[in-house]
Amino acid sequence: MTRLVIVGGSDAGISAGLRARQVDPAVEPLLVVADAYPNFSICGIPYHVSGDVPDWRDLAHRTRDDLAAAGLDLRLDTTVRSIDPASRTVTVTGPPGREETIGYGRLTPRD
Ligand SMILES: Cc1cc2nc3c(=O)[nH]c(=O)nc-3n(C[C@H](O)[C@H](O)[C@H](O)COP(=O)(O)OP(=O)(O)OC[C@H]3O[C@@H](n4cnc5c(N)ncnc54)[C@H](O)[C@@H]3O)c2cc1C
């Protein structure tokens with residue numbers, strides 16, 4: 001198994017994770033996401049504001065369970081502060097402001 005760290009969990013991050021699993025099921029994507037709303041339709045925000053989509057939760061393309069079932073591991077409310085390619089680690093700040101170093105096998109699908 002190879003851990004693939006992906007920074008971000010919106011359209012690009014989720015697409016990268018799903019595609020990586022499709023190409024190589026041995027990859028374990030870990031998505032580090034600064035916010036708590038993975039795979040939400042940002043483009044849908046105007047529809048929520050206008051009232052066409054009353055419940056903001058309906059803006060999610062997939063639930064967290066869907067994402068877990070697809071093999072994506074999520075670290076929400078966690079911000080990547082630095083990337084060290086030499087040691088293959090990223091330094092993150094988690095929810096309580098705690099700093100942590102996470103190792104990776106790959107940082108991009110072709111790394
Ligand atoms: C109101 C609105 C309406 C839109 N309507 C349309 C539309 O109709 N059609 C269209 O094609 N596009 C539309 N867009 C644009 C579309 O939403 C963006 O192109 C798309 O969201 C970009 O996706 P992304 O994954 O690249 O980046 P983003 O959606 O910006 O996501 C960035 C992700 O990275 C995370 N992140 C950032 N920094 C860090 C960090 N240091 N550590 C960890 N995580 C981090 C964030 O938390 C987030 O998960 C709209 C945008 C807005 C705001």
Side-chain angles (χ1 to χ4, degrees):
M1 287 288 189
T2 303
R3 177 188 278 167
L4 168 67
V5 168
I6 296 170
V7 183
S10 187
D11 293 340
I14 297 292
S15 297
L18 294 174
R19 180 65 180 146
R21 290 281 296 180
Q22 199 177 28
V23 170
D24 182 0
V27 164
E28 290 180 325
L30 171 65
L31 282 75
V32 182
V33 186
D35 61 67
Y37 309 99
N39 211 190
F40 269 67
S41 168
I42 294 169
C43 309
I45 291 174
Y47 298 97
H48 173 61
V49 172
S50 71
D52 286 350
V53 180
D55 188 342
W56 59 269
R57 293 171 197 81
D58 291 335
L59 295 180
H61 294 299
R62 296 174 185 81
T63 66
R64 287 203 62 181
D65 287 345
D66 293 336
L67 297 171
L72 305 192
D73 193 8
L74 299 173
R75 293 284 293 271
L76 302 182
D77 289 320
T78 303
T79 300
V80 172
R81 300 295 179 188
S82 64
I83 300 170
D84 182 357
S87 62
R88 289 182 171 269
T89 57
V90 293
T91 301
V92 306
T93 309
R98 193 168 48 90
E99 195 171 283
E100 185 186 345
T101 299
I102 300 174
Y104 63 82
R106 295 188 202 170
L107 194 59
T108 71
R110 296 185 182 184
D111 184 22

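Bear in mind the structure is a predicted one, so any value in this text is a computation, not a measurement. Worth knowing before you read on, the calculation uses all heavy atoms, side chains too, and leaves out hydrogens, waters and symmetry mates. Counting starts at 1 for both ligands and their atoms, following the listed order.
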Engineer: Can a donor-acceptor pair be found, under 3.5 Å and without considering hydrogens, that links the side chain of Arg88 to the backbone of Gly105?
Structural biologist: yes

Engineer: Once salt bridge (charged side-chain N to carboxylate O under 4.0 Å, His left out) is applied, do any residues pair with Asp77, and if so which ones, sequence neighbours excluded?
Structural biologist: none

Engineer: State, to 0.1 Å, how close Pro54 and His48 come at their nearest heavy-atom pair, and which atoms those are.
Structural biologist: O-CE1, 3.1 Å

Engineer: Taking only residues two or more places apart in sequence or in another chain, which ones pass side chain to side chain contact (heavy atoms under 4.5 Å, CB included) with Glu100?
Structural biologist: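 Per chain and number, Glu100 pairs via side chain to side chain contact (heavy atoms under 4.5 Å, CB included) with Arg75, Val92, Arg98, Ile102.
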
Engineer: What does the N/O contact table under 3.5 Å look like for ligand 1?
Structural biologist:
{"from": "ligand 1", "atom 1": "25 (O)", "to": "Asp11", "atom 2": "N", "distance (Å)": "3.2"}
{"from": "ligand 1", "atom 1": "25 (O)", "to": "Ala12", "atom 2": "N", "distance (Å)": "2.8"}
{"from": "ligand 1", "atom 1": "29 (O)", "to": "Ser10", "atom 2": "OG", "distance (Å)": "2.7"}
{"from": "ligand 1", "atom 1": "41 (N)", "to": "Val80", "atom 2": "O", "distance (Å)": "3.2"}
{"from": "ligand 1", "atom 1": "42 (N)", "to": "Val80", "atom 2": "N", "distance (Å)": "2.9"}
{"from": "ligand 1", "atom 1": "44 (N)", "to": "Val32", "atom 2": "O", "distance (Å)": "3.4"}
{"from": "ligand 1", "atom 1": "44 (N)", "to": "Ala34", "atom 2": "N", "distance (Å)": "3.1"}
{"from": "ligand 1", "atom 1": "47 (O)", "to": "Asp35", "atom 2": "N", "distance (Å)": "3.4"}
{"from": "ligand 1", "atom 1": "47 (O)", "to": "Asp35", "atom 2": "OD2", "distance (Å)": "2.6"}
{"from": "ligand 1", "atom 1": "49 (O)", "to": "Gly9", "atom 2": "N", "distance (Å)": "3.0"}
{"from": "ligand 1", "atom 1": "49 (O)", "to": "Asp35", "atom 2": "OD2", "distance (Å)": "3.3"}

Engineer: Determine which pairs satisfy salt bridge (charged side-chain N to carboxylate O under 4.0 Å, His left out) with at least one residue from residues 41-55, sequence neighbours left out, and list them in order.
Structural biologist: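 Qualifying pairs: Asp55-Arg57.
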
Engineer: Using modelled atom types only, decide if a donor and an acceptor are shared between the side chain of Thr78 and the backbone of Leu76 within a distance under 3.5 Å.
Structural biologist: yes

